[in-house]
Amino acid sequence: MSLKVYNSLTRQKEEFKPINPPYVGMYVCGPTVSGESHLGHARPFITFDVLYRYLMHLGYKVRYVRNITDAGHFEEEGREAEDKISNKAVLEKLEPMELVQKYTNLYHWAMSQFNNLPPSIEPTATGHIVEQIEMIKKIIADGYAYEANGSVYFDVEKYNTDFSAKGQPYGILSGRVLEEQIESTRELDNQEEKRNKSDFALWKKAPAEHIMRWQSPWGEGFPGWHIECSAMSTKYLGEEFDIHGGGMDLQFPHHECEIAQSTVCNHKMPARYWLHNNMITINGKKMGKSYGNQIMLSQMFSGNHPLLDQPYAPSTIRFFILQSQYRSTLDFSNDALQGSEKALRRLMEAFEWLQQQDHIGSTGQVDPALDEKVKKLVTEFDVFMNDDLNTAKVIANMFELVPIINSIKDKHIPAGALHTDTVSLLKKQLSVYILNIFALQSSKTDNNNKLEGVLELLINIRKEAKSRKDFLTSDKIRNELSALGVQLKDEKDGGTNYTIQ
RNA sequence: AGUCGCGUGGCCGAGUGGCAAGGCAGAGGUCUGCAAAACCUUUAACGACGGUUCGAAUCCGUCCGUGACGUCCA
């Protein structure tokens, strides 16, 4: 039994075989830190976190590289070479690096809220300008890029002609045919710098007002959109590595261009397996800046957004995402999130109860049918994960186990109905999957605002008791809260404050 | 216009030829001082029309609807 993943490159599920077992190199396109991440961004990071964890569970030694794009991509190639980051920085009157730091911190915070493991290496684009310049020089030397007016462009047509002969045309990943694209690429200003419309920038000359700029053989400028990922993946994972991941919207042009750049430099297809997660939609539409339908992660967590009925805990969102297969679109709705919230709570309560039990299971009065059923459900976890990470089916099986666990708890099923070995297996598999692979947390750990409500409730009860001169009750509340480490303080204005020690 | 994809019960979603997972919501019941939770039972779906097949949600065709890419995008 082995892991199979859907490879976008071959458009089929393939058995996963690392180039150098037990080592696995995985590169995932990270965020552009010119703004806060929204719900849609959460999906690849959670999906590939689960893949990372699962690969380690299978015994692989994984180097997981996920970049931070902190050098600006220009808004629109050829139009007005604007650096996205520096542009906004001017608006906010911040240093570009201050802005980058702010959103990087916010991103890291959200990732930890989701219980995502940090990647092994998290390189920044600005930290790898030298590598990018070296790569561009190499591409020029090989004749697949040309300089024009201080900018450098990749010669897509030449690449396509030469590499089609080698079975690797431009468009191999996305299934596009270059000739058709040339027809459909729209008119842009300043196109005359390029030999062909489909050429993309490797290096862009920086206009005078551009803040982020670096010295290069072609003058002062900044790197193009695609080159950073090629430079950093090559540097840290080698010329050929195992897995390249990202959202489906990056398949073209970003990943296509990465393939072209890296192939010219290293004479190899950079990655064996290209994995793409599908989009999170909202009313059926992709969540994105241009649609104006984004919900930022901090808004998800706080509930502070017109589309949100309530706050949603990070663990709820993580669970919601894992309830679907990563290659399907996933539609956001309050009803769906609320369903996930309740479901997760039910799952975690059953799981946590089970882990505390030491005396269930027997070797005698086992119910063979039930015992077999539990073993089957639990063993299938691995089968489903190996089938292109079908987390949805694993979770479905978990929910077939929940009523069994709860029935044992409520004594509708005798504690000895399962063999002790089955109970151990059940505990172990649930623990491995829930805690280690899916990394779910019970939402009470991140529901402090609800506990605040509980405290307010106690404070009010105490206030009412005091007004009745029922000091027995009021003191009981105060003393017992105090013993728990919550100090109530009566203010002069009649209100009550508290501190948690 | 093109390329790729999708259309499953009230909502979210599994499912690539063999009686349609799971969650949430709904209904009835058990338990409970009352509630909540839990448990049991249960209602309900494959966009349309053709075709291939003993058999199709699943394969093919046409149509309708819808999305992604194409332009910054997870």
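Quick note on labels: first sequence line is chain A, next is B, and so on, each numbered from 1.
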The side chain of A:Arg346 is closest to which nucleotide in this list: B:G22, B:C24, B:A68?
B:C24
From B:A74, B:G13, B:U16, pick the nucleotide closest to the side chain of A:Lys13?
B:U16
Carefully, step by step, assess A:Met385 and A:Asn390 under the rule side-chain contact (heavy atoms from CB on, under 4.5 Å).
CA-CA 5 Å; A:Met385 280 302 276; A:Asn390 201 327; over 6 Å; no
Spacing of A:Leu275 atom CG and A:Leu9 atom CG [to the nearest 0.5 Å]:
11.0 Å
Taking any strand in view, what nucleotide pairs with B:A21 in a Watson-Crick or G-U wobble way, both distances under 3.5 Å?
none
Nearest to side-chain heavy atoms of A:Tyr291, which nucleotide of B:C69, B:C39, B:A74:
B:C69
Check for a donor-acceptor pair, side chain of A:Glu14 on one end and backbone N or O of A:Lys4 on the other, with a separation under 3.5 Å.
no
Closest to the A:Lys286 side chain, choosing from B:A74, B:C69, B:G22
B:C69
P gap between B:U42 and B:G33, integer Å:
29 Å
Using whole Å, what does the distance between atom C1' of nucleotide B:A74 and atom CD1 of A:Ile280 come to?
9 Å
So, OP1 or OP2 of B:C39: does either fall under 4.0 Å of a side-chain N or O from A:Asn406?
yes
From the options B:G23, B:C12, B:A74, select the nucleotide whose nearest atom is closest to the side chain of A:Phe320.
B:C12
Is the NZ or CZ atom of A:Arg327 both under 6.0 Å from the centre of the six-membered ring of A:Tyr6 and within 45° of that ring's axis?
yes
Does A:Lys289 make a side-chain N or O approach to OP1 or OP2 of B:C72 shorter than 4.0 Å?
no
If you assign each of A:Lys342 and A:Pro403 to its closest nucleotide in RNA chain B, which residue comes earlier from the 5' end?
A:Lys342
Main chain of A:Tyr170, side chain of A:Asn160: is a donor-acceptor contact present, judged purely on distance under 3.5 Å?
yes
When you measure from the side chain of A:Gln132 to the backbone N and O of A:Ala125, does any donor-acceptor pair fall under 3.5 Å?
yes
Does A:Arg66 count as lying over the ring of A:Phe45, i.e. NZ or CZ under 6.0 Å from the six-ring centre, within 45 degrees of the axis?
yes
Categorize A:Ser328 for me: base, sugar-phosphate, or nothing, with a 4.0 angstrom heavy-atom threshold over every strand shown.
sugar-phosphate
Nearest to the side chain of A:Ser324, heavy atoms from C-beta on, is which of B:G13, B:C39, B:C69?
B:G13
Among B:G15, B:A37, B:C69, find the nucleotide with the atom closest to the side chain of A:Glu349.
B:A37
Considering only side-chain heavy atoms of A:Leu330, which listed nucleotide, B:C39, B:G13, B:A21, is closest?
B:G13
Partner of B:C4 by Watson-Crick or G-U wobble geometry, both contacts under 3.5 Å, or none?
B:G67
Just name whichever nucleotide pairs with B:A48, Watson-Crick or G-U, keeping both distances under 3.5 Å, else none.
B:U62
Parallel, tilted or perpendicular: rings of A:Phe200 and A:His226 (30°, 60°)
perpendicular
Nucleotide B:U3, atom P - distance to CD of A:Gln251 in whole Å:
16 Å
Measuring from atom CG of A:Leu354 to atom CG of A:Leu401, what distance do you get when rounded to the nearest 0.5 angstrom?
9.5 Å
Below 30° counts as parallel, above 60° as perpendicular, anything between as tilted: where do the rings of A:Phe16 and A:Tyr273 land?
tilted
Both distances under 3.5 Å, Watson-Crick or G-U wobble: report the partner of B:C34, or none.
none
Taking the six-membered ring for Trp, is the centroid-to-centroid distance between A:Trp109 and A:Phe301 below 6.0 Å?
yes
Taking RNA chain B as the partner, which of residues 256-263 of chain A come within under 4.0 angstrom of it by heavy atom?
none
What is the base-pairing partner of B:G9, counting Watson-Crick and G-U wobble geometry with both distances under 3.5 Å?
none
What nucleotide among B:G23, B:G22, B:G67 has an atom nearest to a side-chain atom of A:Lys285?
B:G67
What is the pairing partner of B:C39, taking Watson-Crick or G-U wobble pairs with both distances under 3.5 Å in any strand?
B:G29
Protein-proximity profile, nucleotides 6-11 of chain B, B/S/- by nucleotide at the 4.0 Å heavy-atom cutoff, equals -----S
Can you tell me which nucleotide in B:C39, B:A74, B:G22 comes closest to the side chain of A:Met287?
B:A74
